[in-house]
Student: 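One structure is given below, represented as structure tokens, and several questions about it will come after.
Being a predicted model, the structure only gives us computed values, none of them experimental. Both ligands and their constituent atoms are indexed starting at 1 by order of listing.
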Amino acid sequence: MVWYRFGRTGEAQDPYYIAEFDNIHDFGEATPANIMKYEFTEPEAGVFNYTGAEEFLTAAAGKAIRCHNLIWSSELPTFITNPTVNWTNATLTAALRRHVTTLVEHFGDRCYSWDVVNEAFSDNPAGAYAPNIWYDTIGPAYVVEAFQAASDAVRANNLAVKLYYNDYNIEFLGNKSYAAQALVKDLKNRNIQIDGVGLESHFIAGETPSKAAQQANMEAFTALGVDVVVTELDVRLNLPPTVATEAQQVVDYYNTVAACVAVPRCVGIVVWDFDDTYSWIPGTFPGQGYGDLFLQPNGPNTPLVRKAPYDGCLEALTGAPEAL
Ligand code: XIL
């Protein structure tokens, strides 16, 4: 379990970070948090750049790779967001299909899985399609088109890569989770490949769904015949941490890992970085942080120290009852 955004914020040059990244006992799989996204892999129309992604794959050799992601609303190149000629349904669908097909074929079975579509559903109202360039131009069919293109590429090239839908606020039963479940059913009815659902799990200490709530939600997905993965786990808290919020964070990590352990088709847990030094949280949620399993008390390029949630995860993985 690991999150990794190779080369963007210096962690790839931090020997202490890399030593933990390389610790196969802790992290048997890896996800590039940014470098496989659209703006990096297809910066100009039809011009593909795999340099960063290949560096990441080299650094992560020996791990299962969750490739992330093919179609999303963010981190898009300007040729998509600011086209010289306005997109039509037909032209944007063709661009989408080219991107998906080219990446699935290029990386092939070096990807254990691909997040084919990321965050298609809204929170407001929960479960509606989120407005974005894809939805606004193509309608909900963009999701089907992306999975169809990926599915076609997998079949044509006889690949083993698993195809996932990935989102947040689908870690508990509710309208957004139901929308993702309906998508799984729809794709299966169309004979389009979908193997799993990624539950991002960007949680807040004290607001994390209980183990029972997460488990029930996971089971709702796996009952449809797909795997689930906890894909982007972190548990942030308001800064500065207190004894109480740190203790709560351990419980929240434990509950999430324990839910996955309890569900046979929950096949992985990935943390969205393992080291507070490089976490996306403080930059995205001002005033919050301290969300990862390790920290560097003396800053970048100094030894990592395990935090209490690391032990909470370990207890859940080994079936030990939560100590707190
Ligand atoms: C985030 C990265 O962590 C940031 O570095 C980047 O600036 C924005 O994207 N959901 C996802 C991830 O699926 O791709 C996002 O990653 C976090 C939310």
Side-chain angles (χ1 to χ4, degrees), residues 1-14 17 21 27 29-43 52-53 55-56 60 65-78 80-81 99-100 103 111-123 129-130 132-135 143 146 150 163-171 176-177 179-180 183 196-204 207-208 228-236 256 268-286 288-294 300:
M1 78 184 162
V2 72
W3 169 95
Y4 200 61
R5 54 176 170 184
F6 197 82
R8 290 203 75 199
T9 48
E11 68 269 51
Q13 286 75 45
D14 182 331
Y17 179 96
F21 178 75
F27 302 123
E29 62 185 308
T31 299
N34 291 298
I35 205 65
M36 286 187 182
K37 288 171 180 171
Y38 213 126
E39 69 169 323
F40 300 104
T41 48
E42 192 182 351
E55 284 174 16
F56 168 78
I65 307 296
R66 295 199 79 263
C67 291
H68 174 80
N69 56 50
L70 291 170
I71 297 296
W72 189 29
S73 55
S74 294
E75 293 176 86
L76 290 167
T78 51
I80 293 286
T81 53
H99 185 77
V100 170
L103 265 67
C111 299
Y112 165 77
S113 61
W114 262 114
D115 290 333
V116 178
V117 175
N118 209 46
E119 302 181 354
F121 296 115
S122 172
D123 291 305
Y129 277 90
N132 60 45
I133 181 90
W134 309 108
Y135 179 76
V143 179
L163 304 182
Y164 273 66
Y165 175 73
N166 188 56
D167 210 336
Y168 64 95
N169 283 349
I170 61 165
E171 302 89 355
K176 202 166 170 183
S177 174
L183 173 63
V197 174
L199 311 169
E200 290 186 15
S201 311
H202 294 294
F203 292 137
I204 301 172
E207 296 175 33
T208 301
V228 291
V229 167
V230 175
T231 51
E232 304 184 14
L233 177 60
D234 48 24
V235 182
R236 62 187 186 268
T256 304
I269 302 165
V270 180
V271 289
W272 207 244
D273 219 310
F274 54 85
D275 177 358
D276 284 338
T277 305
Y278 301 107
S279 172
W280 74 309
I281 294 169
T284 309
F285 305 100
Q288 296 184 315
Y290 204 74
D292 293 350
L293 300 179
F294 293 83

Student: Among residues at least two apart in sequence or on other chains, which ones pass side-chain hydrogen bond (donor to acceptor under 3.5 Å, both in side chains) with Y168?
Tutor: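 By the side-chain hydrogen bond (donor to acceptor under 3.5 Å, both in side chains) rule, Y168 matches D123.
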Student: Check each of K37, E119, M36 against atom 1 (C) of ligand 1 and report the one with the nearest heavy atom.
Tutor: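 Among K37, E119, M36, the closest heavy atom to atom 1 (C) of ligand 1 comes from K37.
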Student: Which ligand 1 atoms does H68 reach within 4.0 Å, using its non-hydrogen atoms?
Tutor: 11 (C), 12 (C), 13 (O), 14 (O)
Student: How does T284 reach ligand 1, by side chain, by backbone, by both or by neither, if only non-hydrogen atoms under 4.0 Å count?
Tutor: neither
Student: Has W134 got a side-chain atom pairing as donor or acceptor with W72's backbone, closer than 3.5 angstrom?
Tutor: yes
Student: Hey, is ligand 1 close enough to W280 that some N/O pair sits below 3.5 Å?
Tutor: no
Student: Hey, is N118 touching ligand 1 through its side chain, its backbone, both or neither, going by heavy atoms under 4.0 Å?
Tutor: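 Only the side chain of N118 comes within reach of ligand 1.
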Student: Strictly distance-based, threshold 3.5 Å: is any side-chain N or O of D292 a donor or acceptor partner for the main-chain N or O of D234?
Tutor: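 Between the backbone of D234 and the side chain of D292 there is no qualifying donor-acceptor contact (under 3.5 Å).
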Student: Do ligand 1 and W72 have nitrogen or oxygen atoms that lie under 3.5 Å from each other?
Tutor: no
Student: For the atom pair OG1 (T41) and CG (N69), what is the distance rounded to the nearest 0.5 Å?
Tutor: 9.0 Å
Student: Counting N and O atoms only, with roles assigned by atom type, does the side chain of N166 sit under 3.5 Å from a partner on the main chain of N118, one being a donor and the other an acceptor?
Tutor: no
Student: Would you mind listing which atoms of ligand 1 come within a distance below 4.0 Å of any non-hydrogen atom of E232?
Tutor: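 In order of numbering, the contacting atoms are 10 (N), 11 (C), 12 (C), 13 (O), 17 (C), 18 (C).
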Student: Can you tell me which portion of Y168 lies within the under-4.0 Å heavy-atom range of ligand 1? Options are side chain, backbone, both, or neither.
Tutor: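 It is neither part, as no heavy atom is under 4.0 Å.
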Student: Any donor and acceptor pair, going by atom type alone, linking the side chain of S201 with main-chain N or O of L199 inside 3.5 Å?
Tutor: yes
Student: If you measure every N or O of H202 against every N or O of ligand 1, does any of those distances drop under 3.5 Å?
Tutor: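 No; every N/O pair is 3.5 Å or more apart.
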Student: Would you please classify the geometry between the Y135 ring and the Y129 ring as parallel, tilted or perpendicular, with 30° and 60° separating the classes?
Tutor: parallel
Student: For ligand 1, which is the ligand I care about here, please tell me if N69 has any N or O atom under 3.5 Å from one of the ligand's N or O atoms.
Tutor: no
